[in-house]
Amino acid sequence: MRGSAFFQRAFRTYREHPTFFKLLIVSTVSGGGLLTFSDASPFQGLITESSQNEGKKKKVVVLGTGWAGTSFLKNLKSSSYDVQVVSPNNFFAFTPLLPSVTNGTVEARSIVEPIRNIVKKKPYNVEFKEAECYEIDPVNKKIYCRSNQSSTLDGIEEFTDDYDVLILAMGARVNTFNTPGVEEHAHFLKEVGDAQRLRKSIIDCYERASLPSVSEEEKKRVMHFVVVGGGPTGVEYAAELHDLAFDDMAKLYPSAKDYLKITLLEAGDHILNMFDKRITTFATEKFQRDGIDVKTGSMVVKVSDKDISTKERKTGEIVSVPYGVVLWSTGIATRPVVRDFMNHIGQAKRRVLATDEWLRVEGCEDVYALGDCATINQRKVMEDIAAIFRKADKTNTGALDLKDFKEVVGHICERYPQVELYLQKNKLKSFDALLKNAQGDDKKQIDIETFKKALSEVDSQMKSLPPTAQVAAQQGEYLAKCFNRKELCEKNPEGPLRFRASGRHQFHPFRYRHFGQFAPLGGEQTAAQLPGDWVSIGHSAQWLWYSVYASKLVSWRTRMLVISDWSRKFIFGRDSSKI
């Protein structure tokens, strides 16, 4: 019995600490022999009967290695799953630094981390396949993929794989709004390859403008850089391009600097429309001082190989101007494979794939969607108003006091986050204050009609989450934690009450926490908008930007590389080589 207990304890120790058996343990035994332990199939043949009877692990397939997918993989700690990752990129890229790659401040290799490095020490079984998923079959739980390796290899490989749980974290594509010529002639800034191609094109323009045989008109054309879209990406790229041109390229290409022109086109009334007005005003004024031509109310209607045509909103006039490089940064759209999947599951009329508050795809079992490829379809309070009232009305009297709502108030606020937003906007201290406003001075109790009146305007505060790295990373972390606690929460649900059924939801719903946003404006100045309506603009915010971005990089390797790139820029300037 003692021997059996020893082997069971030893096997349990091995399962919990497998790296322990990579040590060479040398001990003296009779005759001076050596006892050696190895991690090559230790305790083979000693597996207990209970371990043989373990249930089959669920196969979780993750499509994508962006912010959402990588965050899920990093935070998944349960060994109850076999994980397979399918992505056309075998790395994770820190996309907020892509504008810095375009001007040589940061090298492309400094912001990427191989996905195998990220998952190699995880407790779950994981397999990575570099391929692109082009079709999803939710009925048979299969995905269809094709490899994307170099064409010099033996053709394209196609394969089919099944899944028990599918996690869509494929991101989105650039939204061209079907503008003619954009796909053929404009640059984008979604991937590392986009940044590298853009950097090469910028240097090509400088080299061409330096040739003695090129005409004056041609030099003006190739040195005109156009940015379409006044969001954070477009603004940061314009600022980075301006710094590159005046800090470095003006010294290296003195004959081309007089022809430089940077134009920022925005269809709306102002740039950075998701930021505080103080930041918007400062950014516009700074760009004007720097010589960046900001044109608001200009909608691009066509892009050719040498000209870009815009329609002025006020006058309706169509103007065509020559350009050398154009960056298109005007929002995102659904990828074709996700669009086809939406058609299969009854979401054909929606613009974006819809999930519930637990990130489960609506109309499809065992499929989750995270990040830019999906949006949370937050349930409205008024859809469940009668069910909420019945849950509070335990005695079925049809009339309730304020104290009768105490047991469900917390569940209401958790299930419907728009309630708290409404309270904050109207400066109401509590849910009771909301009910008292609707109750009036004459009524002592609240009936269903009064309850409806109190919550009738709450759903007006519903907002979609922005398609940012912050949201995607938090969703990946949230879903991983749900998977880690799945067995525990199946027995002891921890979520809010089910108003239309009995019991509680298995998990707490996903809630996004906004930690602020940055807008680098060039000249070592950045605008920072943090929670609590706190705004900082200038050099101090730039150093905060350095600190936050360095801390958010996925590994110590990338941190050291990026920090060394920043240091190299201060000492030697930006790299202008075309490699």
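What you are looking at is a predicted structure, and each value in this text was computed from that prediction instead of being measured. Here, residue 1 is the first one in the sequence, and each next residue gets the next number.
Glu312 places no side-chain N or O within 3.5 Å of a backbone atom of Lys314 that could act as its donor or acceptor partner.
Around CZ of Arg109, the count of heavy atoms belonging to other residues, nucleotides or ligands within 6.0 Å does not exceed 12. Applying the 6.0 Å contact sphere to NZ of Lys220 captures no more than 12 heavy atoms from other residues, nucleotides or ligands. Annotation: Phe570, atom CZ; neighbour count of heavy atoms from other residues, nucleotides and ligands within 6.0 Å is above 12. With a 6.0 Å radius and a threshold of 12 heavy atoms from other residues, nucleotides or ligands, Arg513 has its CZ atom at or below the threshold. For Met274, the CE atom sits in a packed shell: over 12 heavy atoms of surrounding residues, nucleotides or ligands are nearer than 6.0 Å. By the 6.0 Å contact criterion, CZ on Arg350 is enclosed, its count of non-hydrogen atoms from other residues, nucleotides or ligands being greater than 12. Annotation for Lys578: atom NZ counts as buried by contact number, over 12 foreign heavy atoms lying within 6.0 Å. Under a cut-off of 6.0 angstrom, the local environment of NE2 in His344 is sparse, with at most 12 non-hydrogen atoms contributed by other residues, nucleotides or ligands.
Salt-bridge formation is detected for the pair Asp247/Arg574: a Lys NZ or Arg NE/NH1/NH2 atom is positioned less than 4.0 Å from an Asp or Glu carboxylate oxygen. Using a cutoff of 4.0 Å between basic side-chain nitrogens and carboxylate oxygens, Asp194 and Arg199 are not scored as salt-bridged. Between Lys569 and Glu107 no salt bridge is recorded (no basic side-chain N to carboxylate O distance below 4.0 Å). Ion pairing between a basic and an acidic side chain is recognised when a charged N comes within 4.0 Å of a carboxylate O; Lys311 and Glu317 show no such pairing. Under 4.0 Å is where a charged nitrogen must lie from a carboxylate oxygen, and between Arg568 and Asp575 no such pair does. Between Glu477 and Lys481 there is a salt bridge, since a side-chain N of the basic residue sits under 4.0 Å from a carboxylate O of the acidic one. In this structure, Arg208 does not pair ionically with Asp204, as no charged nitrogen and carboxylate oxygen lie closer than 4.0 Å.
Between the side chains of Ser567 and Ser564, no donor-acceptor pair is found at a separation under 3.5 Å. Side-chain contact check for Thr526 and Gln542: at least one donor-acceptor pair (N or O, by modelled atom type) lies under 3.5 Å. Residues Ser304 and His185 have side chains that never bring a donor and an acceptor to within less than 3.5 angstrom of each other. Checking Tyr259 against Glu216 by side-chain atom types alone, a donor-acceptor pair falls below 3.5 Å. In this structure, a donor-acceptor pair under 3.5 Å is present between the side chains of Glu524 and Tyr546. A donor-acceptor contact closer than 3.5 angstrom links the side chains of Thr65 and Ser87. Side-chain contact annotation: Glu362 with Thr355, donor-acceptor N/O pair under 3.5 Å absent.
In this structure, Leu97 and Val562 have side chains that are in contact, with non-hydrogen atoms separated by less than 4.5 Å. Residues Ile111 and Leu561 fail the side-chain proximity criterion, which asks for heavy atoms closer than 4.5 Å. The shortest distance between side-chain heavy atoms of Val235 and Phe287 falls below 4.5 Å. With a 4.5 Å cut-off on side-chain heavy atoms, Val192 and Phe91 count as touching. No side-chain heavy atom of Val226 sits under 4.5 Å from any side-chain heavy atom of Leu327. Within the 4.5 Å cutoff, no side-chain heavy atoms of Leu73 are placed close to those of Lys122. Between Glu113 and Leu553 there is no side-chain heavy-atom pair separated by less than 4.5 Å. Between His224 and Val321 the shortest side-chain heavy-atom distance falls below 4.5 Å.
Applying the side chain to side chain contact (heavy atoms under 4.5 Å, CB included) test between Gln347 and each of Val352, Val361, Val338 identifies Val361 as the sole match.
Annotation: salt bridge (Lys or Arg N to Asp or Glu O under 4.0 Å) contacts of Arg360 (sequence neighbours excluded): Asp356. With sequence neighbours excluded, the residues satisfying side-chain contact (heavy atoms from CB on, under 4.5 Å) with Asp269 are Arg313.
Ile143 and Cys133 make their closest contact through CB-SG, 4.1 Å (heavy atoms, listed as atom of the first residue, atom of the second, distance). Thr334 approaches Met342 most closely through the heavy-atom pair CG2-SD, 4.2 Å. Across Ala209 and Met223, no two heavy atoms sit closer than the pair CB-CG, 3.7 Å. When all heavy atoms of Tyr163 and Pro138 are compared, the closest pair comes out as OH-CA, 3.6 Å. Looking at every heavy atom in both residues, Ile292 comes nearest to Ala238 through CD1-O, 3.9 Å. The minimum heavy-atom distance between Leu168 and Cys373, with the atom names listed, is O-SG, 3.5 Å.
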Check: Going through the distances and angles, do Thr284 and Thr281 end up as a side chain to side chain donor-acceptor pair (under 3.5 Å)?
Finding: CA-CA 5 Å; Thr284 303; Thr281 302; over 6 Å; no
Check: Can Lys129 and Asp161 be said to form a salt bridge (Lys or Arg N to Asp or Glu O under 4.0 Å), step by step?
Finding: CA-CA 11 Å; Lys129 296 179 181 178; Asp161 215 338; 3.0 Å; yes
Next item on the list: In sequence, state the C-alpha distance, the side-chain angles, and the governing distance for Asp276 and Gln529, and then conclude on side chain to side chain donor-acceptor pair (under 3.5 Å).
Entry: CA-CA 7 Å; Asp276 187 274; Gln529 183 175 336; 5.1 Å; no
Note to self: Between Ser110 and Asp565, does the side chain to side chain donor-acceptor pair (under 3.5 Å) criterion hold? Intermediate values first, please.
What the structure shows: CA-CA 8 Å; Ser110 299; Asp565 286 344; 2.6 Å; yes
Notebook entry, point to check: Yes or no on ring pair (Phe, Tyr, Trp, His ring centres under 6.0 Å) for Trp545 and Tyr549, after CA distance, side-chain angles and deciding distance?
Noted result: CA-CA 6 Å; Trp545 179 86; Tyr549 276 30; 4.7 Å; yes
Notebook entry, point to check: Could you go step by step and tell me if Phe94 and Trp67 meet the ring pair (Phe, Tyr, Trp, His ring centres under 6.0 Å) rule?
Noted result: CA-CA 8 Å; Phe94 192 82; Trp67 281 94; 5.3 Å; yes
Checklist line | Criterion side chain to side chain donor-acceptor pair (under 3.5 Å) on Ser100 and Glu240, from CA distance to verdict | finding: CA-CA 7 Å; Ser100 297; Glu240 292 276 12; 3.0 Å; yes
Next item on the list: Please assess Asp533 against Arg278 for the test salt bridge (Lys or Arg N to Asp or Glu O under 4.0 Å), listing each intermediate value before the final yes or no.
Entry: CA-CA 11 Å; Asp533 196 32; Arg278 290 168 288 180; 3.4 Å; yes
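Note: Phe225 and Tyr206 have parallel aromatic rings, judged against thresholds of 30 and 60 degrees for the angle between ring planes.
Judged by the 6.0 Å distance and 45° axis criteria, Arg146 is not positioned over the aromatic ring of Phe159.
The stretch residues 170-181 participates, sequence neighbours left out, in no side chain to side chain donor-acceptor pair (under 3.5 Å) pair at all.
Note that OG of Ser329 is 11.0 Å distant from OH of Tyr237, once rounded to the nearest 0.5 Å. Here NZ of Lys286 is found 14.0 Å from CD1 of Ile279. Values are rounded to the nearest 0.5 Å. Between the CD atom in Gln474 and the CG atom in Leu465 there is a gap of 9.0 Å [rounded to 0.5 Å].
Residues Tyr368 and Phe483 bring their aromatic ring centres within 6.0 Å.
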